[in-house]
Peer 1: 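Quick one: the structure is below, questions incoming.
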There are 2 protein chains.
Amino acid sequence: MADAQKPTINDVARLSGVSKKTVSRVINKSPLLNQATREKVESVIADLGYVPNLQARALALRRNFLIGLIHDNPNAQMVLGVQEGILDTIRSTEFALVVRPVDRHSPTLFDDIRRFIEQQRLYGVMLLPPLSERDDLAQLCRDLGCTVVRMGSARLDDDAHLVASNDRQAVSDAVAWLAELGHSRIGFVAGPEGFRSARERELGFHDGLARAGLKPDPAIMTRGTYRFESGRAAGEQLLSAPTPPTAVFSSNDEMAAGVLHAARERGLDVPEDLSIIGFDDTATAAHIWPPLTTVRWPIRAMARTAAAKLIHPSSAASEPSIFLSDLVRRASAITYPPESR
Amino acid sequence: MADAQKPTINDVARLSGVSKKTVSRVINKSPLLNQATREKVESVIADLGYVPNLQARALALRRNFLIGLIHDNPNAQMVLGVQEGILDTIRSTEFALVVRPVDRHSPTLFDDIRRFIEQQRLYGVMLLPPLSERDDLAQLCRDLGCTVVRMGSARLDDDAHLVASNDRQAVSDAVAWLAELGHSRIGFVAGPEGFRSARERELGFHDGLARAGLKPDPAIMTRGTYRFESGRAAGEQLLSAPTPPTAVFSSNDEMAAGVLHAARERGLDVPEDLSIIGFDDTATAAHIWPPLTTVRWPIRAMARTAAAKLIHPSSAASEPSIFLSDLVRRASAITYPPESR
DNA sequence: TTGTAAGCGTTATCAA
DNA sequence: TTGATAACGCTTACAA
């Protein structure tokens with residue numbers, strides 16, 4: 001049953017009494033076609049359940065219909081959000097989404113990517129952070145004849161090749177809000193060095209303090225790896241400062257959860273004794289106790305736009321590339337001093 | 001720079017002074033080839049940086065090199081784990097992984113999947129739960145001439161078309177362990193009706209009680225939707241029973257986190273007043289407080305095997321299909337009554 | 001062990 | 001507005 005040879009363009013041509021070129025014109029919606037002819041061919045196509053062979057088209061057109069997603073798993077929800085966003089855009093087209101997780105520490109990273117693009121002859125590629133921050137990787141893809149759109153947290157490239165959130169602004173706003181709540185000792189957990197997102201968030205932190213007229217205090221600022229354990233260590237460090245912070249901004253949710261654990265282990269209550277804000281709005285953020293106030297960025301919408309820039313470079317390339325994030329206010333950050341005490 | 005026409009098999013043939021068929025033989029590692037010829041051709045291939053055109057191969061071979069992953073986002077970490085597992089297997093081959101998230105409640109689900117498979121002419125498809133539990137979908141893929149491997153939590157199909165965890169056994173073990181810890185009032189939060197995984201876990205729960213010589217008590221058993229909020233509601237319900245449970249098994253982590261919130265809102269301490277066990281070992285499980293004891297299934301390994309069954313049906317089809325899960329013991333489940341009280 | 005001719009299913013060229 | 005013919009880059013007969 002599965003092997004009832006799929007009908008080809010020849011079958012359609014024969015059955016509708018036209019040449020295959022005419023059928024091809026119908027498929028490609030050529031404008032110069034007799035309406036009657038078109039309708040006849042279309043009805044045969046429907047009858048037969050004919051679906052054009054994409055591989056053959058790709059061969060003849062000397063171009064492919066594959067979009068590649070290359071990433072080194074920044075976090076599961078983000079990768080999945082991106083996939084959904086890309087699909088939103090390409091679902092009604094002939095394009096397909098091919099994924100390739102890679103290891104950015106692998107010595108063969110370059111070759112892996114080259115091989116992937118060459119072998120599959122990708123039409124376009126989307127790069128996720130932190131890979132997207134590397135100009136050499138973007139250049140590699142271009143040299144391979146493949147359009148690239150990079151997703152990041154700052155202006156990594158020109159509008160045609162970029163979708164980015166404005167992390168600096170978002171963090172600045174979050175910190176300013178903590179200050180409005182009455183906090184004047186605000187701790188900071190930075191992300192790992194070498195990550196552009198980490199740097200942007202760090203800049204945003206300083207911006208926020210400045211807006212509130214506060215001075216940064218190195219005693220309550222530290223750095224983590226974006227992983228849970230590092231957040232816990234960072235929390236311990238900050239909370240054992242001579243004058244500990246009353247609020248902490250963590251550069252991502254996973255570390256924020258770590259800070260929360262550290263506080264708990266010292267017998268502190270969150271948010272009564274310590275307010276915490278994270279970044280990313282991962283699933284965890286809403287499911288920990290107390291629910292985490294955090295910065296959410298519109299990943300899916302960004303990916304939708306990114307895909308549009310890839311497949312309609314002419315019309316979509318100039319669409320806005322910078323997306324605004326917003327602060328999701330949950331229970332982990334409250335006024336200082338707490339009202340109910 | 002990008003448009004330096006890629007070399008073709010003809011270029012290789014010309015430069016190495018052989019026919020294209022011979023080059024083809026080299027590419028396909030045909031055994032009957034003069035060693036010297038092979039080496040010469042290989043060196044030309046290397047010089048040229050020639051990469052065979054997969055689309056052309058696909059056309060000539062009348063088969064494709066695309067594996068599809070169809071899912072309705074059971075949870076982000078699982079989907080990503082599956083993608084990584086599949087890539088582990090296909091990385092060194094010519095296959096690529098094409099993903100297609102779908103909406104299982106969409107009226108066009110059937111057509112969406114058909115269109116995807118027909119259009120991309122997939123070689124094989126992997127189905128994730130809960131979609132994988134539907135025989136009609138698996139049959140659809142087969143009718144379209146595409147091998148299918150289903151991932152599930154029970155024997156949904158024969159070995160050649162299945163990778164499954166043994167949820168029933170895993171839950172039974174978890175519940176038996178709670179009993180060993182001294183709990184005799186063990187509550188249960190079931191997953192949504194219609195989910196095979198939910199049923200298996202439910203059966204496992206009863207098995208576990210039976211093994212411990214305990215009777216199920218409907219007053220401390222309820223059902224959720226696998227979502228956080230439903231877990232919270234379930235927790236409230238169980239904890240307001242005339243004689244509330246001292247431990248709860250939740251059919252997934254997300255609901256377990258909800259039960260935890262419910263307990264907290266009633267002023268209960270976890271695990272001192274209530275032990276909780278979840279299922280899935282999502283990222284959240286390790287990051288909530290207290291860290292959640294949960295069942296972990298070897299998703300990536302399962303996906304690796306699934307991919308092998310797809311691309312090497314002859315050798316891998318008979319590999320074992322049932323994978324064992326294990327209990328990850330963290331702080332959320334302790335003895336009853338608690339020792340330190 | 002190697003080569004020739006034909007074909008896979010589509011589109012481009014150029015006439016009609 | 002349509003159609004014959006030659007690509008596209010590769011593989012499978014079938015010879016040599």
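This structure is a prediction, so every number in the text was calculated from the model and none was measured. The chains referred to below are lettered A, B, ... by the order of the sequence lines, with proteins before strands, and numbering in each begins at 1.
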Peer 1: List for me each residue that meets side-chain hydrogen bond (donor to acceptor under 3.5 Å, both in side chains) alongside R91(A), sequence neighbours excluded, and say none if there are none.
Peer 2: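 R91(A) satisfies side-chain hydrogen bond (donor to acceptor under 3.5 Å, both in side chains) with no residue once adjacent residues are dropped.
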Peer 1: Pairs under 3.5 angstrom, nitrogen or oxygen only, protein versus nucleotides 2-6 of chain C, please.
Peer 2:
residue, atom, partner, partner atom, Å
dT2(C), OP1, T37(B), OG1, 2.3
dT2(C), OP2, N34(B), N, 2.9
dT2(C), O4, R25(B), NH2, 3.4
dG3(C), OP2, S19(B), N, 2.9
dG3(C), OP2, S19(B), OG, 3.1
dG3(C), OP2, T22(B), OG1, 2.5
dG3(C), N7, R25(B), NH1, 3.4
dG3(C), O6, R25(B), NH2, 2.7

Peer 1: Pairs in or reaching into residues 51-108 of chain A: which pass ring pair (Phe, Tyr, Trp, His ring centres under 6.0 Å), with residues at least two apart or in two chains?
Peer 2: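 As it turns out, the ring pair (Phe, Tyr, Trp, His ring centres under 6.0 Å) pairs with a partner in residues 51-108 of chain A, which skip direct neighbours, are F65(A)-F95(A), F95(A)-Y123(A).
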Peer 1: Can a side chain N or O of R62(B) be found less than 4.0 Å away from OP1 or OP2 on dT11(D)?
Peer 2: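 Indeed not, no polar side-chain atom of R62(B) lies that close.
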Peer 1: Rounding to 10 degrees, work out the angle separating the end axes of the helix from dT1(C)-dA16(D) to dA16(C)-dT1(D) (five pairs an end).
Peer 2: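 Computed angle between terminal axes is 30°.
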Peer 1: Consider the side chain of T8(B), meaning its heavy atoms from C-beta on, and name the nucleotide among dG9(D), dT10(C), dT11(C) that approaches it most closely.
Peer 2: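 Nucleotide nearest to T8(B)'s side chain: dG9(D).
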Peer 1: Under the salt bridge (charged side-chain N to carboxylate O under 4.0 Å, His left out) rule, collect the residues that match up with D112(B), sequence neighbours excluded.
Peer 2: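 None.
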Peer 1: Give me the atom names and distance for the closest heavy-atom approach of G81(B) to A303(B).
Peer 2: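 In this case the closest contact between G81(B) and A303(B) is O-CB, 4.4 Å.
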Peer 1: Please enumerate all residues that pass ring pair (Phe, Tyr, Trp, His ring centres under 6.0 Å) together with F195(B), with sequence neighbours excluded.
Peer 2: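 Residues passing ring pair (Phe, Tyr, Trp, His ring centres under 6.0 Å) with F195(B): Y226(B).
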Peer 1: Can you name the side-chain hydrogen bond (donor to acceptor under 3.5 Å, both in side chains) partners of D159(A), sequence neighbours left out?
Peer 2: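 Checked D159(A) against side-chain hydrogen bond (donor to acceptor under 3.5 Å, both in side chains); matches are R155(A), S321(A).
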Peer 1: Could you note down all residue pairs passing side-chain hydrogen bond (donor to acceptor under 3.5 Å, both in side chains) where residues 60-69 of chain A supplies at least one of them, sequence neighbours left out?
Peer 2: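 For residues 60-69 of chain A: N64(A)-Q55(B).
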Peer 1: Can you name the residues that form a side-chain hydrogen bond (donor to acceptor under 3.5 Å, both in side chains) with R134(A), not counting sequence neighbours?
Peer 2: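 side-chain hydrogen bond (donor to acceptor under 3.5 Å, both in side chains) list for R134(A), sorted by chain: D136(A).
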Peer 1: According to side-chain hydrogen bond (donor to acceptor under 3.5 Å, both in side chains), who are the partners of S132(B), at least two apart in sequence or on a separate chain?
Peer 2: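 Not a single residue meets the side-chain hydrogen bond (donor to acceptor under 3.5 Å, both in side chains) criterion with S132(B).
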Peer 1: By a strict heavy-atom criterion of less than 4.0 Å, which residues belonging to residues 40-55 of chain B are in contact with DNA chain C?
Peer 2: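 Close to the strand, none.
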Peer 1: Applying ring pair (Phe, Tyr, Trp, His ring centres under 6.0 Å), which residue pairs with at least one partner in residues 20-63 of chain A are found, sequence neighbours left out?
Peer 2: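 For residues 20-63 of chain A: none.
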